[in-house]
Every structure is written in C-alpha cells, then in structure tokens.
S.K.: 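If you scroll down you'll find the structure; I have some questions about it.
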There are 2 protein chains.
Amino acid sequence: MASSERRRRPTQVDIARRAGVSQATVSLVISGGAASDQIAEATRRAVLTAAEELGYSANVAARSLKGGRNHLLGLYTFEPVFPTDQRDFYYPFLLGVEEETAAQGYDLLLFSSVTSAADRSIYAGGANRLKLADGCVLLGRHVRREELTALVKEDFPFVFIGRREVEGGEISYVAADYVSATAQMVARLAALGHRRILYLRAAQNSEPTQDRTAGYRRGLAEAGLPFDSALIRTLDDPAEVTGARVREWIGSGVTALLAEPTEDDRLVAALAAVDRSGLVRFPEDCSLALLGDPPLWTGESRDWTRFSLPRVGMAREAVRLLVELLAQPAHTARRLSVPCEFVPGDSIGPAPAGRGPEWSA
Amino acid sequence: MASSERRRRPTQVDIARRAGVSQATVSLVISGGAASDQIAEATRRAVLTAAEELGYSANVAARSLKGGRNHLLGLYTFEPVFPTDQRDFYYPFLLGVEEETAAQGYDLLLFSSVTSAADRSIYAGGANRLKLADGCVLLGRHVRREELTALVKEDFPFVFIGRREVEGGEISYVAADYVSATAQMVARLAALGHRRILYLRAAQNSEPTQDRTAGYRRGLAEAGLPFDSALIRTLDDPAEVTGARVREWIGSGVTALLAEPTEDDRLVAALAAVDRSGLVRFPEDCSLALLGDPPLWTGESRDWTRFSLPRVGMAREAVRLLVELLAQPAHTARRLSVPCEFVPGDSIGPAPAGRGPEWSA
DNA sequence: CGGCCCAACTAATACGTATTAGAAAGGGGG
DNA sequence: CCCCCTTTCTAATACGTATTAGTTGGGCCG
C-alpha cells in the first residue's frame, strides 16, 4: 500500500529474473516434489530466497489450468443450507464435509451464487462453476435431474449425499440404509402386536421415499403381514393430518403410524399438534414412529420413536469417497450405504387389545 | 461414462471447428456482453447451437487466469468456525457472509486446510491460497500479525470482521463500536449510583479489549468519576473469579462489575457459577454487566445485562465492503463501525446504599 | 471506376504454470 | 584427445480464454 499504483503480483518469471535462473527452474523448485532433486542445492536456495523476498505465492488458476489439481472440493446444495430454519437439519452435513475436507488437505468451495430459488442451478451463466473445484459433494432433496445427467455425461467427479439415480449413468453416493431401517421399524411394531400399520408417505417420489416404501413392504413380508395399498397414504398437504383424521384411521383398524418427515417439517409439526390436542394419545391410542430425523429438532418437542441418520459421518464418508474418485484414472461410480441408528423414544407401545365403541368409524 | 476412456471437456476450439468459425468468434459470442453485437445473428446462433450440442461449459480457471477475477470470495478464520462448541458464536458471521456473498453473485471459498491448530496459516505450503479468491473476509481473535502485514504488503484485498491494526499499513474492517457501547454501559451504572466499577479485562491485549478499556475510561470521565487503575483487573485464569473473590471486591467498595467475555466463555461460566452459588446475588449485592455476547448462548443461562453485536449484519457489511474494494482501482482501506445493541437483562440495579458489617474486607 | 468506410470476422497474443526434450558444462575412462 | 555419461539447467510448448489489432469483402459515394 506504499504507493497507490496498481502492483502486479510477483510471478515465477519475476523470481527467475531476480535469482538469475529460468522460469522453468523456479517452477521445479517451487512445486518441489519429484523432479526437484535434480536442482543444485545452491540454486534451490537462491530461488526460495527470491521467492520469499518477493512474497511470491502461486497463481492457483494458472496451476489448475495447466491440468493439475487445485485442491478444492466443492459443496453444492439444491436447497439453501444456511437459512436458520433449516439450520439444524443441514448443519451436521456441512460440519462433516468441512471437517473431512480439511482433514484431506483440501479447501472447501461453497456454491452459493444465485440463492434465489429459481436460478439456483449448476449450469447458471453458461459456465459450470462446479468445475472450478476438483470434485464436488452434492446435497439436497429437490434435485434437477437434467443437471445430474449432464454432470455424469461430462464425467465430472462428484458424490451425492443420499441415494440418487439417473438414467444413462451411475452416480456415486453415500446413502442411509432407509430400506433396512424402515423394515426393522415395521418388525418392531409387528412384534408389539400391530397388524395394520399406516405409512404416511412424502408426496415427491424421490429415492429416499422409494427406499422407505421398499422397506415398508419388506418389513411386512418378513413379519408375515399382508400388504394393503390403502395403508400407504401420500399426503399432498400435511395439514390434512388432524386429530379427527387420525381418529378416523384408528377407527378403521389402524394401530400404528409410520411417518416420513419432510424437509419442511410440516408433517411432524402436524403430528405434534395432534399429540398436544389430546384427541389421540401416542402410544396409548396409537403407536407412532418417524422414518428419519425431524428437520427442526427444537428439543422441546416430544421424544418420538424414530431412526436417525449419522449425518456427520455420512458427510465425511462422502468426502472420502470423492477423494478416492479423484485418485482413480477412470471414474467408476462408488456407492456406500450406512446404517441408521434406532432411537427408542416413547411413542410406540403394544397394540391395543380391543377398541371401545368410541373408535368405530 | 459410456466409454471408460478419459474424455476431454469440450473447449471453444471444439465449438469453433464445429460451427466453422474461429475461437475468437466463439469467445465473443459466449462471453456475450458488449463486443458481441458485432456478430451476425446467424453466426451467433450457429455458435450457440454447437455449444449446446457439445455440452460446453467454460473453464473457470482459464477465464480467471486471463481476466484476473473469478468471482470467488474467501472466508478465512483464525480459529476453527465449525467445531460445535463454538458454533453458536461464529455461526451468525458465517451466515451473514454466506448470504451476502450469494447476494452479490459470488461463490464462497472456505479456507479450511490444515485445521490442525499449529499449521493453521494463510501462508501454508509457500502458496498464499487466499489469492485463489478475488478477495477475502477474515475473522478471529488469535490473529497472526505477520500474516496480516504480509497480506497488506501484497495489496491483497481483504476485510476483517473486527478492528485490527497492523504496522505499516491500513486494514479495512467492519468493527463493533465497543468504545461507545462500553462508555454507555458505564454511564448507565453511574446513573444508578455506582461509583466504584470493576472492569474484568481479557488477558490478551487485542483491539477489542483496547476499545473496551478506552470506553471504560471515557464512560468514567463523562460521568465525572475518577479513574482508578486498581479497578481494571486482568485475569490470567478466569477460574480465579470465585464467590469469595467477588465478596472481597465488594468489601473493598466495588458495587458493579463489567466483564469482558472471552471466546472460550470461561469468565462468563465462572460468573454464572458465582451466581448459582448464592454467595453473591446479582444485582442485589452487586451489579454485573457483560461487555459483549457470551460465546456459548445456551439459553438456560441467566439473562445478563449486556450489549450485543449485530453479527449477521456485520458480516454482510464486511462482504459489501469487500466488493466495493474490488471495484476500486487502488485499494484504499475502508472502515465501518456499527453500534452494539443494549440488552437490558436483569443483572444490574441501583447501587446499595450502605453495606452491613458482613461485607467488610 | 477508384477510393473509402462499414460490418463481420480472424490472427495473434497474453495470462502464469508445469512439463518435456534437449543443451551446456564437467568429469572420467579408454 | 575423443566419446559418453551425469548433473544441472533452459527453451519451448501446452493449457483455455479474452482481447486487440487487423483483414476481408462488399456497398456506397463521388
């Protein structure tokens, strides 16, 4: 800041001039490593001294242009991660990605441009910004498939947190084993004597929902219970779930509910409202288990029976997988499935033996 | 992924070949803007079509190498931001930086490499990684001055969140007005009749501490109270603050405490312990005000009288300042001071009229 | 018909680094 | 004294884009 004139950053050429060597020599010394032992010790020191004096630092863009890696991992989310109301849900993922990225010696690039929901796109502006990073971790429920397909087609290395499938390519991912977790939940309920278990399903037919559905059916099959498609309810509007409605279901013979939390938390909120209304007591009148973590874990809400994603661990695994991908010459998809943790909670219990007349439909 | 052979990303040259034009023309069409209206409409369409068909996306490294800017803002913290125990303190800064970065159309680069405390340095590996970004927001209490000096010397654009000074250069920053906030706090206590106000000062003599000290003295002066250097206590170990100790102080005539929270929260924890012990009642026996936010705001702790930093706002301002810096041809330092918000709380009250014999020292 | 200007394009170059082929110097063996 | 090898360095080039100066061809004016 001594003079106001625009100062150019020192380059290897400047160092070369000062040390009386060629730019190539500087490059060999600086980027060190393998080929640098063919440099005389005196020269090497001269170069390093000059670099020091000039305050040299490598131009990462140039380095990366040349084809080398630039030691950046990207994190791209299909939903905004930071807004406070979703903070508690996404934070562990963020935390895990950050930790493991650092542990692997990379820096983390958060793609945040154009948070305005509509424009939130990988391919905004004609430039695929993701490619500034060596590879990318992707996250989020509302995936735009075309973009994923394009990424796969371009052979860009990325790992999704959560199972995602796309036509015409294999996607690497770290996914929670919703199938087993859901099946086990059904098994637990069956062991408690439940026969008619209603599954409240998310509206969007994303992979996590498909997996839970598969787990539901598998659980029923393994418990020897019949499958009744009327017992899968897709909710367009979670507000439909009211005390009266739940009582109707109970009247029709349902003794347990499985609820799939959505990222907007409205279903869980509706169920909590039913709980507080006193119209239905969980688990005395009806058992209730959540197929995942409620996004907003306020701490004041009930301790629902549920299973829980190891989110920090998943995120760390995703980064590890990504780094492995980068080391491979050809990108073959890698997949990892991690088990969910069962949280006992207090909202399931034995199936009621018989119903009084007040429950008749 | 159709074939396992490594596929090269399409470049402007590929497009040019396909569209039967030159690379320069492609560049003009793609990067659009001003000079692109000298291109015939037919040509432009041909180029765009070819780009589309090839799935072109610009190489950001090359673009940035050429133009100098790559639309990245960096965030560098001198302490780890993510670890959960400091999460609540730093999160608002992170949030603000992220929001405003996105709003300004930049992406955010988190410098996380080498979180291992010792190696956590801007100049790790001989290359100043910060410079991958166009500019940088810095954050944290445990600053390494040499690094700041070097950054200034290199004329790298950055903004510190918090006032930081360094010899041989002007640093841009967004700072909370600790001076006024502290002075006002003293004024408040003086108005309540307090005459001997003990200031518990942080051990490290960083700028925030200097500002509070200045505010303390200014507040005393404006209230017409004498300055007594014995009333400034530097605590090497916050554990020294015990109920007995506070009673000693009270015995020596002190009627109010000003405490400067440290980022490890130990002082506030010690005071909370004193409060819980019942040995001293705040504010009946002694008034107590915090000169800032306790880092760990658990919600269960007392509602201390204090002032509070507009952290999200400060972070956003820092990003705005940074973007302004980038627009300037020559970097002149820019500074911004934002007021703190007074939080009444319940830990200050009128000075006790007289003391019983149990308080004598 | 010659000169000139304009529209539409292209050739050439710079950006900073990594890498490779090869040059220059020095030494040792025949 | 020549040849070859080793050590140590350099020249040249590629990476993909943006930009500037310049080229081409055609139309218009005098």
Side-chain angles (χ1 to χ4, degrees), chain A residues 6 8-47 50-51 54-71 125-129 131-132 134 154, chain B residues 6-47 50-51 54-71 125-129 131-132 134:
Chain A
R6 179 63 129 217
R8 205 173 44 85
R9 285 179 49 185
T11 72
Q12 293 188 348
V13 174
D14 299 321
I15 300 180
R17 232 190 314 267
R18 179 176 254 253
V21 298
S22 73
Q23 176 268 327
T25 304
V26 175
S27 174
L28 288 176
V29 171
I30 298 281
S31 53
S36 103
D37 46 2
Q38 59 174 260
I39 301 289
E41 186 54 31
T43 310
R44 140 189 256 92
R45 256 203 308 273
V47 167
L54 290 176
Y56 170 79
S57 61
N59 180 327
V60 196
R63 196 172 260 181
S64 132
L65 173 60
K66 186 55 184 112
R69 296 285 159 74
N70 53 17
H71 260 62
N128 176 352
R129 302 194 49 74
K131 290 182 187 154
L132 181 50
D134 294 342
E154 292 175 20
Chain B
R6 182 64 127 212
R7 204 162 17 130
R8 205 174 45 84
R9 287 178 48 187
T11 71
Q12 292 189 350
V13 174
D14 299 321
I15 299 180
R17 232 191 312 268
R18 180 175 253 253
V21 298
S22 72
Q23 176 269 327
T25 304
V26 174
S27 174
L28 288 176
V29 171
I30 298 282
S31 51
S36 102
D37 46 0
Q38 58 175 260
I39 301 289
E41 187 53 31
T43 310
R44 140 190 256 91
R45 257 204 308 272
V47 167
L54 291 176
Y56 170 80
S57 62
N59 180 326
V60 198
R63 190 172 266 181
S64 131
L65 174 58
K66 182 61 180 113
R69 294 291 159 79
N70 51 18
H71 260 61
N128 176 352
R129 303 194 49 74
K131 289 184 186 152
L132 179 51
D134 294 342

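Labels below follow one simple rule: chain letters A, B, ... track the order of the sequence lines, proteins then strands, and each chain is numbered from 1.
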S.K.: Can you check the A/Q38 CD to C/dA18 C1' distance for me, whole Å?
M.R.: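 The distance from CD of A/Q38 to C1' of C/dA18 comes to 13 Å, rounded to the nearest Å.
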S.K.: Name the closest nucleotide to the B/T25 side chain, picking from D/dT17, C/dT17, C/dT10.
M.R.: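 Nearest to the side chain of B/T25 among the choices is C/dT10.
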S.K.: Verify side chain to side chain contact (heavy atoms under 4.5 Å, CB included) between A/L65 and B/N59, making sure each step is shown before the conclusion.
M.R.: CA-CA 8 Å; A/L65 173 60; B/N59 180 326; 4.1 Å; yes
S.K.: Given atom CD of B/E41 and atom P of C/dA7, what is their separation to the nearest angstrom?
M.R.: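 The distance from CD of B/E41 to P of C/dA7 comes to 16 Å, rounded to the nearest Å.
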S.K.: Among B/L28, B/I39, B/V21, exactly one meets side chain to side chain contact (heavy atoms under 4.5 Å, CB included) together with B/V47. Which residue is that?
M.R.: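 It is B/V21, the one option of B/L28, B/I39, B/V21 that forms the side chain to side chain contact (heavy atoms under 4.5 Å, CB included) with B/V47.
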S.K.: Which nucleotide in the list C/dC9, D/dT8, C/dA12 gets nearest to the side chain of B/A40?
M.R.: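 Closest of the options to the side chain of B/A40: C/dC9.
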S.K.: Tell me the interatomic distance from A/K66, atom NZ, to D/dA12, atom P, rounded to whole angstroms.
M.R.: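 Answer to the nearest Å: 17 Å.
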S.K.: Within the structure shown, what part of the strands sits under 4.0 Å from A/V13 by heavy-atom distance: base, sugar-phosphate, or nothing?
M.R.: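 A/V13: no heavy atom of the nucleic acid under 4.0 Å.
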S.K.: Indicate the atoms forming the closest heavy-atom contact of B/Q23 with B/A16, along with that distance.
M.R.: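 Smallest interatomic distance, heavy atoms only, reads N-CB, 3.6 Å.
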S.K.: Among the nucleotides D/dT10, D/dA18, C/dC9, which one has an atom lying closest to any side-chain atom of B/Q12?
M.R.: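 Looking only at side-chain atoms, B/Q12 lies closest to D/dA18.
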S.K.: What is the distance, rounded to the nearest whole Å, between atom CG of B/L54 and atom C1' of D/dG16?
M.R.: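 It works out to 15 Å between those atoms.
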S.K.: Considering every strand and a 4.0 Å limit on heavy-atom distances, what is the contact class for A/V21: base, sugar-phosphate, or nothing?
M.R.: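 Sugar-phosphate: the residue A/V21, judged by heavy atoms under 4.0 Å, touches backbone atoms but no base.
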S.K.: Could you check B/I15 against B/L54 for side chain to side chain contact (heavy atoms under 4.5 Å, CB included), going step by step and ending with a plain yes or no?
M.R.: CA-CA 7 Å; B/I15 299 180; B/L54 291 176; 4.0 Å; yes
S.K.: Give a yes/no answer on whether the side chain of B/S22 brings an N or O atom under 4.0 Å of OP1 or OP2 in C/dA11.
M.R.: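 Answer no for this pair, as no side-chain N or O of B/S22 is under 4.0 Å from OP1 or OP2.
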S.K.: Considering only D/dT19, D/dT17, C/dT17, which nucleotide approaches the side chain of B/A24 most closely?
M.R.: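 Closest nucleotide to the B/A24 side chain: D/dT19.
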S.K.: Which whole-number value in Å describes the distance from A/I39 CD1 to C/dT19 P?
M.R.: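 It works out to 13 Å between those atoms.
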S.K.: Choosing from C/dT17, D/dT17, D/dT19, which nucleotide comes nearest the side chain of B/T11?
M.R.: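 Taking heavy atoms from C-beta onward, the closest nucleotide is D/dT17.
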S.K.: The side chain of B/S27 is closest to which nucleotide in this list: D/dT19, C/dT17, C/dG16?
M.R.: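 The listed nucleotide nearest to B/S27's side chain is D/dT19.
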S.K.: Without decimals, in angstroms, what is the distance between A/L28 CG and D/dT8 P?
M.R.: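 Rounding to the nearest Å, CG of A/L28 and P of D/dT8 are 13 Å apart.
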S.K.: Round to a whole Å and report the spacing from CZ of A/R44 to P of D/dC9.
M.R.: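 These atoms are roughly 11 Å apart.
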S.K.: Grab the CD-P distance between B/Q23 and C/dA8 for me, whole Å please.
M.R.: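 Distance, rounded to whole Å: 20 Å.
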S.K.: Please tell me if A/R63 has a side-chain N or O lying less than 4.0 Å from either OP1 or OP2 of C/dG16.
M.R.: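 Negative; the distance criterion is not met.
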S.K.: Assess whether side chain to side chain contact (heavy atoms under 4.5 Å, CB included) is satisfied between B/D14 and B/Y56, documenting all intermediate values.
M.R.: CA-CA 9 Å; B/D14 299 321; B/Y56 170 80; over 6 Å; no
